[in-house]
2 protein chains.
Amino acid sequence: MPLKADLDAIDWKILRELQADGRMTNVELSNRVGISAPPCLRRVKRLEEAGIIRGYRALLNAPALGLDVVAFCLIGLHHQADAELRTFAERTRGWPIVRDAWMVSGESDFLLHCVASDLGAFQTFVIEELTSTPNVDTVRTALTIRRVKDEGLVSFAQP
Amino acid sequence: MPLKADLDAIDWKILRELQADGRMTNVELSNRVGISAPPCLRRVKRLEEAGIIRGYRALLNAPALGLDVVAFCLIGLHHQADAELRTFAERTRGWPIVRDAWMVSGESDFLLHCVASDLGAFQTFVIEELTSTPNVDTVRTALTIRRVKDEGLVSFAQP
DNA sequence: AAGATCACGCAAGATTCTTGCGTATTGCCC
DNA sequence: GGGCAATACGCAAGAATCTTGCGTGATCTT
């Protein structure tokens with residue numbers, strides 16, 4: 001299982017290209033990174049099997065799908081013992097409005113990335129679900145106005 | 001250009017499947033959604049051209065790539081006139097550590113999703129870049145401990 | 001009720017994927 | 001320094017997939 005140290009310049013190029021366009025054909029990818037198709041495919045497979053490429057995802061346009069509200073919620077709990085943290089984490093997985101969630105350290109304990117059809121649906125979620133959840137202390141929300149930057153997880157300025 | 005109202009149950013299935021695995025072959029996709037390959041491909045193309053599918057992206061494993069710190073920053077500015085907001089938004093695009101950024105309303109003006117190789121690199125960014133940027137008033141950071149939920153943008157419980 | 005429109009599925013050619021194999025390069029051990 | 005093992009490359013061929021054109025059936029409109 002290769003780790004960071006085992007990646008060469010071609011692997012980094014592959015990661016950059018697939019992060020920009022995950023559906024690129026292998027021949028196109030091989031042209032861009034400068035090797036022929038078979039070894040290029042073998043590298044991609046190896047990156048997938050090593051878990052460096054976790055998967056591929058289509059990016060969807062929320063407003064076009066009738067999802068007009070994107071918001072973040074910062075949640076503070078009363079008690080932060082391991083059991084309580086796990087309980088709340090589990091609960092986030094049952095809320096469809098919550099698209100991804102992080103356990104964080106700082107002023108809050110969780111950060112939730114939420115998508116809802118409209119402001120009413122989001123407010124209903126905050127009031128009737130979040131704040132009424134046991135052990136939830138504080139809920140701070142930040143409604144998004146627009147996305148200002150949207151790139152993949154990894155930057156490729158240096159390698 | 002179809003919008004939400006023009007999508008039928010098969011389109012929603014396609015979106016769900018491609019959100020879960022953006023590199024699925026068209027024949028596999030067509031089997032899952034219950035139609036033959038050609039109309040399935042035509043639907044995918046139409047969704048892409050309509051902008052409902054914005055693109056495809058490989059998901060990378062940050063720790064395996066030597067990126068051990070994922071954090072969020074909430075930024076408050078002194079002045080929130082349109083010009084100042086645009087100036088700060090533009091600046092986020094020049095910071096490789098910032099992977100995506102949102103303009104938000106609430107207690108803060110911007111939310112930044114940051115990835116760094118280690119805590120030192122992140123702290124250097126916060127101190128030497130963020131807090132020393134003109135017009136930046138407050139910077140609150142939340143270091144992530146772990147990701148608790150990670151799904152695509154759109155939920156598919158209802159349709 | 002007739003016509004128009006739309007989406008489906010079949011079929012065939014073009015492209016891509018995938019595997020096996022031979023060769024070149026690198027690193028290591030003797 | 002020479003030889004061996006390991007690794008990765010590129011070529012080539014068969015398999016799978018993509019892509020387009022075309023005919024049919026269903027739905028909706030007039």
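Computed from a prediction, not measured in an experiment: that's the story for all the values here. First the proteins, then the strands, lettered A, B, ... as listed; each starts at 1. Only heavy atoms go into these numbers, but all of them, side chains included; no hydrogens, no water, no symmetry mates.
By the 4.0 Å N-to-carboxylate-O rule, B/E49 lies too far from B/R46 to be salt-bridged with it. A salt bridge does not link B/D21 to B/R16: none of the charged side-chain nitrogens sits closer than 4.0 Å to a carboxylate oxygen.
Residues meeting the ring-ring contact (aromatic ring centres under 6.0 Å, His included) test with A/F125, sequence neighbours left out: A/W95. B/R146 pairs by the salt bridge (charged side-chain N to carboxylate O under 4.0 Å, His left out) definition with nothing, not counting sequence neighbours.
Of the options A/R54, A/R93, A/H113, a side-chain hydrogen bond (donor to acceptor under 3.5 Å, both in side chains) to B/D150 is made by A/R54 and by none of the others. Of the candidates A/V136, A/T138, A/D109, A/V136 is the only one forming a side-chain contact (heavy atoms from CB on, under 4.5 Å) with A/I75.
The terminal axes of the helix from C/dA1-D/dT30 to C/dC30-D/dG1, fitted over 5 pairs per end, subtend an angle of 30° to the nearest 10°.
Among the atoms of the strands shown, only primed sugar atoms or phosphate atoms (P, OP1, OP2) are found under 4.0 Å from some heavy atom of B/R43.
Residues of residues 31-40 of chain A that place a heavy atom closer than 4.0 Å to DNA chain C, in numerical order, are A/P38.
Taking atom CG of residue A/L41 and atom P of nucleotide D/dA8, one finds them 15 Å apart after rounding to whole Å. The CZ-C1' distance, from A/R46 to D/dC9, rounds to 12 Å in whole Å. Atom CG of B/L29 and atom C1' of D/dC18 are 13 Å apart (whole Å). The NZ-C1' distance, from A/K45 to D/dA8, rounds to 17 Å in whole Å. Atom CG in A/D11 sits about 9 Å away from atom P in D/dA8, given to the nearest Å. Rounding to whole angstrom units, CD1 of residue A/I14 and C1' of D/dA8 are separated by 12 Å.
Mapped onto DNA chain C by nearest heavy atom, B/R23 and B/I10 fall at different nucleotides, with B/I10 at the one closer to the 5' end.
Placement of A/F72 and B/V148 in two distinct hydrophobic clusters is found when ILVMFWY residues are connected by side-chain heavy-atom separations under 4.5 Å, directly or transitively. Linking Ile, Leu, Val, Met, Phe, Trp and Tyr whenever their side-chain heavy atoms come within less than 4.5 Å puts A/V115 and B/L111 in one cluster.
You'll find the side chain of A/V104 stays beyond 4.5 Å of the side chain of B/L143, heavy atoms only.
Bounding nucleotides for the chain B contact on DNA chain C, 5' to 3', at a heavy-atom distance below 4.0 Å, are C/dA7 to C/dA11.
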Using residues 32-45 of chain A as the side-chain source, report each donor-acceptor pair under 3.5 Å to any protein atom, sequence neighbours left out, with the distance given to one decimal.
from	atom 1	to	atom 2	distance (Å)
A/R32	NE	A/E28	OE2	2.7
A/R32	NH1	A/E17	OE1	3.2
A/R32	NH2	A/E28	OE2	3.1
A/R43	NH1	A/D8	OD1	2.9
A/R43	NH1	A/D8	OD2	3.3
A/R43	NH1	A/D11	OD1	2.9
A/R43	NH1	A/D11	OD2	3.2
A/R43	NH2	A/D8	OD2	3.0

Kindly indicate, with the supporting measurements, whether the criterion ring-ring contact (aromatic ring centres under 6.0 Å, His included) is fulfilled by B/Y56 and A/Y56.
CA-CA 7 Å; B/Y56 302 88; A/Y56 302 89; 9.7 Å; no

